[in-house]
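Worth knowing before you read on, the calculation uses all heavy atoms, side chains too, and leaves out hydrogens, waters and symmetry mates. Heads up: numbering here begins at 1 and tracks the sequence.
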Amino acid sequence: MRSVRDLSCVMESMGPLVERVQSKSKQALLQWVDGVREACCLHRVIIYSLRSKQLAIRTGQCFLLNGFIFLGSILVLKSVIIPALEWILPGHCRLINSQQPCAFSSILEFYRFLRVGLVLLFYVFWFYPLYIFSLILSNIWYIDIAKYGFFALENYGDHDTKLSDQKEPQTSQNTVHREKSTDLEGVMISIAEQLYSVLLLTFFFMEVYVTGFIPYIGKALNFMLLSWLYAYYCFEYKWNLSGLSLDKRLDFFESNWAFFAGFGNPCVLAIFLFSPLVSCGVMAMLFPLFVLTATGSEADKIVALPRRKWRGAELGRVPIFFIADYMSMRVLKLFSLKSHQQIKENKAL
C-alpha cells in the first residue's frame, strides 16, 4: 500500500510537468504548421510579380537559368547523350548464345572506358562551370528579387516590414538607419556584423554537413538543421532591407524555432528527394519563391497570435547557432589579437 501511495504522490507531482510538456508540444506543433503554411503561400509570388516588372524579369531569369538550362542539360545528358553513347560504344556482347565467350572483350572494355571519359568531360567542361556560373549569378539575382519584393510591399502598403516588437517608430528607425550608414562608426559596425554573419552561417553549414555522418540520427538532424539554415537565408534578405540588427534577428529566430523549422522544411525537401546535382538545380530554381514568401510573411504577428490558451506562454529559446557563434567569436578574437600585435610592432619600429 505504501508503494502505491508513493507512486501516486510521484504521479501527482509530475502532473504539472507533464501538462507543461504537452502544452509546449502543442504550441510547437501549431507554430510548425504555421511555418509550413507560410512557406507554401506561393500565390504571393504572382501578386508581387504583377506589381513589379523587374521582379517578374528576375524571377523568370532564375527559372530560365536553373530550370531550363541547368536541369534541361541534366535531362538531355540522362535521356539522350548517355543512351546514344551506350548504343555507339556498347559495353557488352550482343550474342544470341550468352554461354559463348565474347571475342571482342578488350574492345568493349575500351568502349566502356571511352564512354565514361566522354561523360566525365561533359561534366567537367559543361556542368561544373555552369553550376558555378549559376551559383554566382543566382545569388546576385536573389538580392534583386528580395529588394523588388520588399519595395512592392512598401509601395502598396500591405504591412509593416519590421518586427512588431520593436518599440521605435518606423520613421525614426529609418532615420537612425540612414545616420548609421553615413557615420563612419556605423559603417564599421555594419561591416563587422556582415563579417560575423558570414562566419556564423559558414560554421553552421559545416555543422550541418558533419551531422549527416552521425549514425542512425544523422539524416534527421541534418534535415532539421538544414531547414533552419534555409529558413534563415530566406528571411535574412527581408531583415537586411528592413535594417534589423543581427542580435535581434538571432534572438527572434531562436525564440521561434518551431515556426522557422516548419518554414524551412518545404525548402529542403528538394535536396532529399533528388540526386545532389539535380537537387542543386531544383533548389536554385525554387529558392527565390521562398524568399518572396518570407518577404511577405508577418512572422512576428503569426507567432504572437494567441489562438489557444496554451499559446500565451513562449516556447523558450533554443540555442540553434551556439556552436557556430562560439567558433565565429573565436576566429574574430584571433584576428583581433593579430591586428593588435601588428599595431604594437609598428609602433615599436
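- Taking each heavy atom of Ala28 and Ala258 in turn, the nearest pair found is O-CB, 3.4 Å.
- Tyr123 OH: more than 12 foreign heavy atoms inside a 6.0 Å radius.
- You'll find the side chain of Val291 stays beyond 4.5 Å of the side chain of Tyr233, heavy atoms only.
- Counted within 6.0 Å of CD1 on Ile323, heavy atoms from surrounding residues, nucleotides or ligands total 12 or fewer; the atom is thus considered open.
- Not less than 6.0 angstrom separates the ring centroid of Tyr326 from the ring centroid of Phe203.
- Closest approach of Ala294 to Lys238, counting heavy atoms only: O-CD, 3.5 Å.
- Between Val124 and Tyr128, the closest heavy-atom pair is CA-CD1, 3.9 Å.
- Looking at every heavy atom in both residues, Ile320 comes nearest to Phe204 through O-CE1, 3.5 Å.
- A donor-acceptor distance shorter than 3.5 angstrom exists from the side chain of Arg44 to the backbone of Thr293, with no hydrogens or angles considered.
- Side-chain contact between Leu277 and Phe70 is present, with heavy atoms from C-beta onward closer than 4.5 Å.
- Proximity of Asn240 to Ile143: side-chain heavy atoms (C-beta onward) are nowhere separated by under 4.5 Å.
- For the residue pair Leu199 and Leu332, the shortest heavy atom distance occurs at CD1-CD2, 3.7 Å.
- The pair Asp34-Arg37 counts as a salt bridge, with a side-chain nitrogen and a carboxylate oxygen less than 4.0 angstrom apart.
- If you look at Phe235 and Phe263, their ring centroids are closer than 6.0 Å.
- At least one donor-acceptor pair under 3.5 Å links the side chain of Ser279 to the backbone N or O of Pro276.
- Residue Ser227 forms a side-chain contact (heavy atoms from CB on, under 4.5 Å) with just one option from Val208, Leu269, Asn265, and that option is Asn265.
- Contact check on Arg249 versus Glu254 returns no salt bridge, with no Lys/Arg side-chain nitrogen under 4.0 Å from an Asp/Glu carboxylate oxygen.
- A donor-acceptor contact closer than 3.5 angstrom is absent between the side chains of Ser138 and Gln61.
- Separation of the Phe127 and Phe122 ring centroids falls under the 6.0 Å cut-off.
- Screening Tyr230, Phe252, Trp228 for a ring-ring contact (aromatic ring centres under 6.0 Å, His included) involving Phe260 leaves a single residue, Phe252.
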